[in-house]
Enquirer: 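Below is the structure I would like to discuss, written out as structure tokens.
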2 protein chains.
Amino acid sequence: MLALMMDRPLTLPSILEHAALYHADREVVTRTVEGPIHRYGYADALGRARQMAKALLALGVRPGDRVATLAWSTHRHFELYFAVTGIGAILHTINPRLHDDQIVWVADHAEDSVLLFDITFSEQVARLAPQMTTVKTLVAMTDAAHAPAGVLVYEDLLAAQTPDFAWPDLDEKSASGLCYTSGTTGNPKGVLYGHRSTCLHALALALPDAFDLSARDVVMPCAQMYHANAWCTPYAAPLVGAKLVLPGRALDGPSIAELIAAEEVTFLLGVPTIWVGVADHLDQTGGQLDSVRTIAIGGSAPTAALISRVEQRLGGKVRQIWGMTETSPLGVINTALPTHAGESAEATMQRKLKQGRGLWGAELRIVGEDGAELPRDGKSTGALQVRGPWVSSAYFKQDGAGAFTADGWFDTGDIATIDPEGYLRLTDRAKDVIKSGGEWISTLDLEDAACSHPAVAMAAAVGMPHPKWDERPLLLITLRPGQSVDPEEVKAHVGARVARWWTPDEVRIVEELPLGPTGKVLKRELRDRWITPVPASDS
Amino acid sequence: MLALMMDRPLTLPSILEHAALYHADREVVTRTVEGPIHRYGYADALGRARQMAKALLALGVRPGDRVATLAWSTHRHFELYFAVTGIGAILHTINPRLHDDQIVWVADHAEDSVLLFDITFSEQVARLAPQMTTVKTLVAMTDAAHAPAGVLVYEDLLAAQTPDFAWPDLDEKSASGLCYTSGTTGNPKGVLYGHRSTCLHALALALPDAFDLSARDVVMPCAQMYHANAWCTPYAAPLVGAKLVLPGRALDGPSIAELIAAEEVTFLLGVPTIWVGVADHLDQTGGQLDSVRTIAIGGSAPTAALISRVEQRLGGKVRQIWGMTETSPLGVINTALPTHAGESAEATMQRKLKQGRGLWGAELRIVGEDGAELPRDGKSTGALQVRGPWVSSAYFKQDGAGAFTADGWFDTGDIATIDPEGYLRLTDRAKDVIKSGGEWISTLDLEDAACSHPAVAMAAAVGMPHPKWDERPLLLITLRPGQSVDPEEVKAHVGARVARWWTPDEVRIVEELPLGPTGKVLKRELRDRWITPVPASDS
């Protein structure tokens, strides 16, 4: 028997409609690509999103069409989050850090019809657009004064429309967004978000044990809007009526610190290096922040030293987060349980170093090599798999190739433990794990241990083939400016902090480590460069 | 184009599964009907809910069947919230305050097959069950030692089953709960909740600007679980891992105050009179509470004096809430906006007297007699209509009779204003409003003004037919114990607090006012008793 409740779909434009009605003057503040700070209320944002929706329809965009952006976190990008999705089209946020040939590849693979771009990318677009097969319309996300020649101008398209517009009825399961993962190997894979999945994710994100967002918050995502929807904050903020601060292109310490202070930001989100930049800047200037309540750190795991420094210098509390493009992205978040009240500072820090716990809606499990679920004992390490209404079920026009299990879970490619309290701790990427004597050595743990040495800037552990143990760890490190160190000293430092048999056989100091488009070390390149393959005859 | 996200339904048993996995030892504490305090963790609750699910299947309960309860807020009722719904059956929570004939009527109308009841109701059930057409199985929600003869025993049924059970796949749009409104006129009307509507409502309920519930909270609903699912707190608490305190039958001041102190309750919810009882008890005993953070007050509007006293005496902040059985029930909640920071105490109180604002997911509008939407100016009064995924679309096996509009809104039967900030203020029930000279007089405002007189206990305003003005207000009041007052003095007191032309033509002191099953004054009875109809020839 079906319930007798209204069949109201969960759709993205309804979020901005709500914000415009109940939080009309609550601001969206942007550091524009052109330079100045731009600010307006949600009511103005809705008017412009509606105008842009009509402009896109006038350009011939139809439901299901893919509309691409090559853009930073700005108010125009925010408008497109609703204008494109609200007419049933799909917003494909291209990561501008992809290599040129990959940008062309994803635009072709997505079959994008329109490409909207920030003027930062004008030259790149002029060079690449002719190589794109399906992109026929180019729109510079600026006004006529700043636009390059030969393309349409966002502000002109918008000005030609009035803001009266009724969003079409949408199936909540229809696609709304497309985001390609920038994996370290192979072609990018497209994740196709939907209205329902994004709304549920945004709702869960605002819960007290997640981002804890209310109308009294000021939210500044320091993850770009092309990167898994900037953790959905551009949807969660208007859903609750929080002020939204979009830092544009500038994620350097001084720019971020200035916006935090000027806009009284309460909630921050970004990768660890962003906060090092902010803390460095505050150290240099003696600046003080007093509005920050929470700093959500994801993308890569922060060290204890970083967590301490960020909490002290920025004045808020760190909540570690973990997720992937395929998980919308929230998978887990590290929030305290009531049983942690009164715990020691050391215990708090040990807890904060874990990635966090699942919320209702994000199911997690770890499985062994035989596919059987492993105990949540904090010791058993296995492949991390995720399931839920905001988790991918397949890649767009591509084979999942083992990422999706027969029983309906997404295999993250991460290796992890889950402890009895439910806290997840990542120990490795499955493809990076070092298998030694039939056991796994966590490269993340080795790298964390190395980075706790004062001379070490970055570290990367890879498996060297070994005749007896299959693999043994090689640790590559870069040094902080002006530092020098004996590799044996680093080896001893690491050896004192991990299981004895995990101690790297060798530590090598290198000039730099190769980084991918999201700032992660490209271990494949490391292996290609530093590891001599074992000739087949030796194995 | 459909999104490529997992098609995971939103279902109620998944909430308890989550709580059992992530908050295994977090307690559900009950003041049992038998007497003692009962406590267990969510893992134990899940085990027992699964056992009960199997017991119900063994009794022949099938998907879509209606299973009734006549029960207070207890851990067994909590188990049934999941056991019944989790097997696809529908939990019909009968309001025991209905008259006997209405209890039989709703059981027959719902076609209940099983009736589970607290031993408080043993005699009533023995008397009424034989009159029920479809109820074939009676289960006393107790153990063998406390059960009456001739019925099945909950603990025995449960003990016959093991806790290993896989919930069946459920369509999220399938029905999960049935709750009859106890309107003041006509037969009760059945509201048929679903898994999806209840999950979305519980998720929204936990948001910081709603009930603000986290794993660190201790939630005690002082609304009974037969009344619109106790505001869905039995679902929202496990969803976030909050401790849940169920007060059983005892909603008197001493019992509630004792539980708040002993269990360190942070979140309370109930009608105004509950908190008067608690405050009275604390006054008498000199008791002090230090754990309460929020007291959500709904059911009827609290006065400024009550809000002040409750905040002072219980130590938390009041958030007024408004909703109906048909809205799951959250419609609006009164939370501060950032623009209210630094407002005066008087301004805060004036704001708190409004019912509150809509959250994303609960759309509201007020319409005039012509059906056109009225401005949100805080002055225009109109019929309040609501729309959203947790709002009823129809009544169970009954004609909506004008409650559901052609364009898809639920007409609440309330008259209200919405101010420019989005705060709703109820001014009347549509059927109670007094129409005088073509304008509306708010009976709630007259009653509030009367109750602010120190001698007045309760007040009820009704429209008296008037040859010139159509209707003029008659105000009926009861006095506080030991008080006496000249009706003219009350008239002057009210007249000084409302528009001059709203001043009642007459104030009458009466012994008592007739109350319905939810404690609301039965205005129809008042009109029948106190108003002489205008003979047709006079009109």
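Reminder, nothing fancy here: chain letters follow the sequence lines and each chain counts from 1.
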Enquirer: Regarding A/Asp212 and A/Lys317, does a basic nitrogen lie under 4.0 Å from an acidic carboxylate oxygen?
Expert: no
Enquirer: Is B/Pro9 in contact with chain A via its backbone, its side chain, both, or neither, using a 4.5 Å heavy-atom distance?
Expert: backbone
Enquirer: B/Phe396 versus chain A, heavy atoms under 4.5 Å apart: side chain, backbone, both or neither?
Expert: both
Enquirer: Charged N to carboxylate O below 4.0 Å: is that the case for A/Glu172 and B/Arg196?
Expert: yes
Enquirer: Side chain, backbone, both or neither: which part of B/Ser328 has a heavy atom under 4.5 Å from chain A?
Expert: side chain
Enquirer: When only pairs under 4.5 Å are counted, which of A/Gly422, A/Pro208, A/Gly194 shares the most heavy-atom pairs with chain B?
Expert: A/Pro208
Enquirer: With a 4.5 angstrom heavy-atom cut-off, which part of B/Arg387 approaches chain A: side chain, backbone, both or neither?
Expert: both
Enquirer: Measure across A/Leu178 and A/Ala110 and return the closest heavy-atom pair with its distance rounded to 0.1 Å.
Expert: CD2-CB, 3.5 Å
Enquirer: Would you mind checking which part of B/Glu363 comes under 4.5 Å of any heavy atom in chain A, side chain (CB onward), backbone (N, CA, C, O), both or neither?
Expert: side chain
Enquirer: Counting only heavy atoms closer than 4.5 Å, note whether B/Ser392 contacts chain A via side chain, backbone, both or neither.
Expert: both
Enquirer: Just so I understand: if I count every heavy-atom pair under 4.5 Å between each of B/Asp171, B/Leu337, B/Ile15, B/Val240 and chain A, which residue has the most?
Expert: B/Ile15
Enquirer: Does B/Glu111 come within less than 4.0 Å of B/Lys397, counting only side-chain N to carboxylate O?
Expert: yes
Enquirer: Taking side chain as everything from C-beta outward and backbone as N, CA, C, O, which of these in B/Asp65 sits under 4.5 Å from a heavy atom of chain A? Side chain, backbone, both or neither.
Expert: neither
Enquirer: Would you call the rings of A/Phe410 and A/Phe404 parallel, tilted or perpendicular if under 30° counts as parallel and over 60° as perpendicular?
Expert: tilted
